[in-house]
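Here's the structure, in structure tokens; my notes come after.
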2 protein chains.
Amino acid sequence: MAVQRETTRDRILEAAENAFGDKGYHETLVDDIAGRTSLSKGGFYFHFPSKEDLFFAVIDRLASRLTRRAEEAAGRCESPLAGADAALSEVLTTLGRRRRLAKVLLVQGYSMGSAFEQKRVEVFGQFAAVIQDGLDRAVEAGEISPIDTEVVSRAWLGAVNEVIVNWIYRGTPAPSDALPVLRKVLVGGLERPTADREASNG
Amino acid sequence: MAVQRETTRDRILEAAENAFGDKGYHETLVDDIAGRTSLSKGGFYFHFPSKEDLFFAVIDRLASRLTRRAEEAAGRCESPLAGADAALSEVLTTLGRRRRLAKVLLVQGYSMGSAFEQKRVEVFGQFAAVIQDGLDRAVEAGEISPIDTEVVSRAWLGAVNEVIVNWIYRGTPAPSDALPVLRKVLVGGLERPTADREASNG
DNA sequence: CGTGACCGACCGACTGGTCGGTCGGTTGAT
DNA sequence: ATCAACCGACCGACCAGTCGGTCGGTCACG
């Protein structure tokens with residue numbers, strides 16, 4: 001059956017997630033992944049054209065999962081600003097629950113050649129775009145004053161990233177503890193518009 | 001003379017900075033560095049015990065230079081909060097002027113084995129400590145309300161890091177353009193104490 | 001039903017290029 | 001003569017990727 005093929009592919013992806021999280025890209029051998037999958041190296045290469053392709057597939061899967069969760073959380077809110085706030089919480093919470101996956105997504109594998117750097121740009125660009133979109137809508141709705149949302153979205157992304165990465169490496173402070181502080185500081189850094197401005201719905 | 005030895009070492013460090021900035025750790029060969037120094041591979045190994053050691057020496061040098069500049073900028077200010085603000089500007093400006101060096105310091109080489117990860121923890125920890133120290137003093141001076149400065153310092157560090165890294169990869173927005181926005185958002189995220197509170201000198 | 005051609009999935013020994021590191025030797029200043 | 005500084009051919013571990021082969025299923029056909 002064709003479903004078997006998909007199943008094996010998923011098993012490989014799963015094993016690779018863990019392996020990359022444990023040892024990083026370079027220190028993970030294709031033989032390790034084959035071993036964790038109870039597959040031979042040749043069997044692995046039947047499903048993926050290269051180790052690099054596998055890594056990118058792992059990243060893509062993690063990134064799209066995370067983005068979806070964030071957007072769903074935002075969608076459950078009434079205002080754009082509350083949505084951005086909820087998405088922030090969702091991301092911190094999700095990543096905070098799975099340290100190794102966070103490590104793969106945020107740390108491992110970037111900066112080891114141009115293909116990897118390009119992937120970094122792509123993935124972080126997607127995240128930044130989601131944040132920026134939320135901020136733009138908050139501006140449009142008159143919840144916050146107009147501001148350069150490109151820079152601000154990068155700042156939010158960077159702040160979240162660093163808090164998570166620091167926790168990954170040092171185990172503290174826990175994302176759940178950092179969350180309220182982060183919300184206060186990031187959301188608080190946005191200026192509320194003065195009363196003479198009101199929402200201009202397009 | 002013993003000074004000759006130091007000179008050659010510096011030449012290697014200089015060449016390595018550029019090489020790592022151009023091609024990253026793994027893609028830079030020891031032969032490349034030897035070549036750029038007009039030294040043989042053997043000559044290089046007379047000065048450094050390993051490629052990894054060289055990389056760490058490069059990082060240490062860059063990190064201490066940057067920290068010194070930031071602290072000097074802060075020291076020229078009258079209040080702690082103004083100092084933090086000035087240090088933020090100094091760092092953005094300095095890194096913004098030398099893209100390749102910023103790349104080595106902020107991106108290249110991390111996440112490729114536990115020794116590298118440890119270095120990341122160390123260097124970023126130093127930066128975070130400097131920021132946290134500034135924030136602590138601003139709290140102490142009553143310029144801002146008490147807050148978890150550990151988390152906030154990480155957030156600042158992460159925000160700056162991401163803005164720079166994004167610029168490194170995409171060339172825009174320029175750090176000089178991002179700076180005012182970043183100042184507004186980060187410094188603005190700190191709550192001013194209400195009037196009933198005053199500095200309690202220790 | 002039997003059978004044999006065919007194929008997708010998988011195996012694992014092997015290869016071949018790469019590159020960090022070594023080592024015996026040379027040079028030039030004191 | 002001595003030794004710090006440097007040379008560069010060479011070594012060998014490492015590992016992604018290959019390739020000839022196995023094996024169980026399945027499908028067309030008599």
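Every chain is numbered from 1 and lettered A, B, ... according to where its sequence line falls, protein lines coming before strand lines. Worth saying up front: this structure is predicted, and the values here are computed from it rather than measured.
- Candidate nucleotides D:dA9, C:dC10, D:dA16 were compared by shortest atom distance to the side chain of A:Tyr45, and D:dA16 ranks first.
- Looking at B:Asp22 and B:Lys103, no side-chain N of the basic residue comes within less than 4.0 Å of a carboxylate O on the acidic one, giving no salt bridge.
- The pair A:Arg36-A:Asp32 fails the salt-bridge criterion, with no side-chain N (NZ, NE, NH1 or NH2) lying under 4.0 Å from an Asp/Glu carboxylate O.
- If you measure from atom CZ of B:Arg9 to atom C1' of D:dC6, you get 17 Å, rounded to the nearest angstrom.
- Whole-Å rounding puts the A:Leu29 CG to D:dA13 P distance at 16 Å.
- Using a cutoff of 4.0 Å between basic side-chain nitrogens and carboxylate oxygens, A:Glu72 and A:Arg68 are scored as salt-bridged.
- Each of C:dA9, C:dC10, C:dG21 was ranked by its minimum atom distance to the side chain of A:Arg5; first place goes to C:dA9.
- Ranking D:dG8, D:dA16, C:dG21 by closeness to the B:Ser50 side chain, first place goes to C:dG21.
- Nucleotide D:dA16 holds its C1' atom 11 Å from the NE2 atom of A:His26, rounded to whole Å.
- Heavy atoms of A:Thr37 sit nowhere under 4.0 angstrom from any nucleic acid atom.
- A straight line from NZ of B:Lys41 to P of C:dG24 spans 17 Å, rounded to a whole angstrom.
- Residue A:Thr8 places none of its side-chain N or O atoms closer than 4.0 Å to OP1 or OP2 of C:dA9.
- What separates CG of A:Leu39 from P of D:dA16 is a distance of 16 Å, to the nearest Å.
- Atom pair B:Glu52:CD and C:dC19:C1' shows a separation of 15 Å (rounding to whole Å applied).
- Rounded to whole Å, atom P of D:dA5 lies 13 Å from atom CZ of B:Phe48.
- Defined by atom type and a distance below 3.5 Å, a donor-acceptor pair is missing between the side-chain atoms of A:Gln126 and A:Thr67.
- Rounded to whole angstrom, the span from the CD atom of B:Glu27 across to the P atom of C:dG20 amounts to 12 Å.
- Closest approach to the B:His47 side chain among D:dC6, D:dA16, D:dA9 is made by D:dC6 (side chain taken as heavy atoms from C-beta onward).
- One cannot find a donor-acceptor pair under 3.5 Å joining the base of C:dG21 and the side-chain atoms of B:Lys51.
- Of the candidate nucleotides C:dC11, C:dG20, C:dA9, C:dA9 has the atom lying nearest to any side-chain atom of A:Phe46.
- A sub-4.0 Å separation between OP1 or OP2 of D:dC7 and a side-chain N or O of B:Ser40 is present.
- Salt bridge B:Arg120/A:Glu162: present, at least one basic N to carboxylate O contact under 4.0 Å.
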